[in-house]
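Numbering of ligands and ligand atoms starts at 1, following listing order. Residue numbers run from 1 in the order of the sequence given. Side chains are part of it too, since the values below use all heavy atoms of this structure and drop only hydrogens, waters and symmetry mates.
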Amino acid sequence: MTSSQADPAPADSGQADPASVDSGTPDTGAPDSGDHRRAPRQGRAVEDPTFYRAEPVSFVRRGERMTSGQQRAWDTMHQQLLIEVPRHHASTSVLPDAQIDVPAAFDHPEHPLTVEIGSGLGEATAHAAQQHPERNFLAVEVYTPGLAKLMEEVERRGLTNVRVMQANAPEVLDVVLQPGQVDELWIFFSDPWHKKRHHKRRLITDAFAARAARVLRPGGAWRLATDWSNYAEQMREIIEASEEFNNEHLGERAGEDSPLTDIRRQEIEKREAEPDFVDERGGWAPRFEGRTLTSFEDKALKAGRNIFDLTARRL
Ligand SMILES: C[S@@+](CC[C@H](N)C(=O)[O-])C[C@H]1O[C@@H](n2cnc3c(N)ncnc32)[C@H](O)[C@@H]1O
């Protein structure tokens with residue numbers, strides 16, 4: 001989420017803020033400064049809960065306090081909705097040899113599966129699940145109040161096609177989901193980690209694309225949206241460099257039609273305006289009609305930022 005120009009956005013926006021959040025290490029009690037610039041020493045990665053393999057995790061744990069409504073929804077709904085995960089070295093990790101049958105957790109295992117990663121408050125999943133009872137939706141998130149908020153919505157709307165998982169997404173893709181099991185993979189407003197020195201914490205990387213490719217069926221869609229232009233360019237680069245995906249809108253919305261051209265000519269996102277900038281490359285998807293306007297996106301729009309959608313089609 002990038003609803004603020006702070007890096008990252010304030011905790012109440014649903015986005016991690018290293019300065020105001022608690023540690024990513026709830027199991028160990030070890031303090032987490034939120035500054036993960038140093039890679040773990042060789043051999044330590046497996047015990048360091050702020051890393052998965054050699055990769056720093058893309059989140060910092062935020063306050064876990066829930067509203068009374070969220071707490072009630074969690075208490076009454078979690079047995080039905082939460083797919084339990086055997087843990088490894090951290091409370092959001094996944095045991096490397098865990099065996100979890102995700103389709104079997106749904107009433108209709110045969111229905112196509114959409115996975116939303118970083119579902120935040122669950123607005124996109126709840127909306128889409130209501131629109132599409134013929135599909136299954138798995139929300140993957142580390143933030144407990146966000147998952148509880150989604151449980152509240154599932155109950156309020158009477159949805160039967162939603163399940164949730166509280167875990168670090170790369171581990172879910174590596175261990176939990178099976179090859180070709182996913183029909184659509186959604187990541188909307190992934191934490192942008194604005195500062196260059198924090199870019200290594202971004203979720204969308206070449207390695208992540210390989211993970212996404214493994215779990216998506218041939219012809220399946222990986223849909224991305226962000227309001228941070230530099231991250232949008234990184235996502236486009238990763239998709240177009242991958243041999244396992246096609247950018248479904250390659251070359252579209254280029255030049256004067258590009259949201260990148262528009263935003264770069266303005267003084268926004270902590271950058272100076274570049275009046276002569278032209279995005280010759282394009283490749284931006286139209287707004288995905290299945291993506292409801294979340295409170296996060298609404299804030300970004302009100303702050304004057306542009307939204308970049310991308311659709312990668314699994315070859
Ligand atoms: C910026 S918010 C966007 C939330 C939502 N998609 C929306 O558009 O409102 C990003 C969310 O991704 C979650 N997140 C970040 N890294 C994650 C990871 N590795 N695994 C699971 N969730 C993650 C954060 O906890 C946060 O709620």
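Within the structure, the closest approach of V57 to ligand 1 does not fall below 4.0 Å when heavy atoms are considered.
Here is the list of ligand 1 atoms found below 4.0 Å of a heavy atom in E116: 6 (N). The F189 neighbourhood of ligand 1 comprises atoms 1 (C), 2 (S), 3 (C), 8 (O), 10 (C), with distances under 4.0 Å to a heavy atom of that residue. Residue F59 has at least one heavy-atom neighbour below 4.0 Å for each of these atoms of ligand 1: 15 (C), 16 (N), 17 (C), 18 (C), 19 (N). Per-residue contacts place R62 under 4.0 angstrom from the following atoms of ligand 1 (heavy atoms of the residue considered): 24 (C), 25 (O), 26 (C), 27 (O). Against a heavy-atom cut-off of under 4.0 Å, A167 is close to the following atoms of ligand 1: 20 (N), 21 (C). Under a 4.0 Å criterion applied to the non-hydrogen atoms of T294, ligand 1 contributes the atoms 8 (O), 9 (O).
Counting heavy atoms from C-beta on, the side chains of L177 and V172 come closer than 4.5 Å. In this structure, M165 and L138 have side chains that are in contact, with non-hydrogen atoms separated by less than 4.5 Å. Side-chain atoms of T226 and M235, non-hydrogen and from C-beta on, do get closer than 4.5 Å to each other.
For E141, a nitrogen or oxygen atom sits less than 3.5 Å from a nitrogen or oxygen atom of ligand 1, counting backbone and side chain alike. Considering backbone and side-chain atoms alike, F188 places an N or O below 3.5 Å from some N or O of ligand 1. By the 3.5 Å distance cut-off applied to N or O atoms, A169 is counted among the residues near ligand 1.
The heavy-atom pair separating I307 from A300 by the smallest distance is CD1-CB, 4.4 Å.
Hydrophobic clustering (ILVMFWY, side-chain heavy atoms < 4.5 Å, transitive): L260 and I268 are in one cluster.
We find that E55 and R202 are not joined by a salt bridge, their nearest charged nitrogen and carboxylate oxygen being 4.0 Å or further apart.
Taking the six-membered ring wherever Trp is involved, the centroid distance between the rings of W228 and H194 falls below 6.0 Å.
Evaluated by nearest non-hydrogen atom to atom 19 (N) of ligand 1, the leading choice among N168, L293, I187, V142 is N168. Taking only non-hydrogen atoms, the option from G118, S58, A300 nearest to atom 12 (O) of ligand 1 is G118.
The aromatic rings of F288 and F188 lie tilted to each other, with the angle between the two planes from 30° to 60°.
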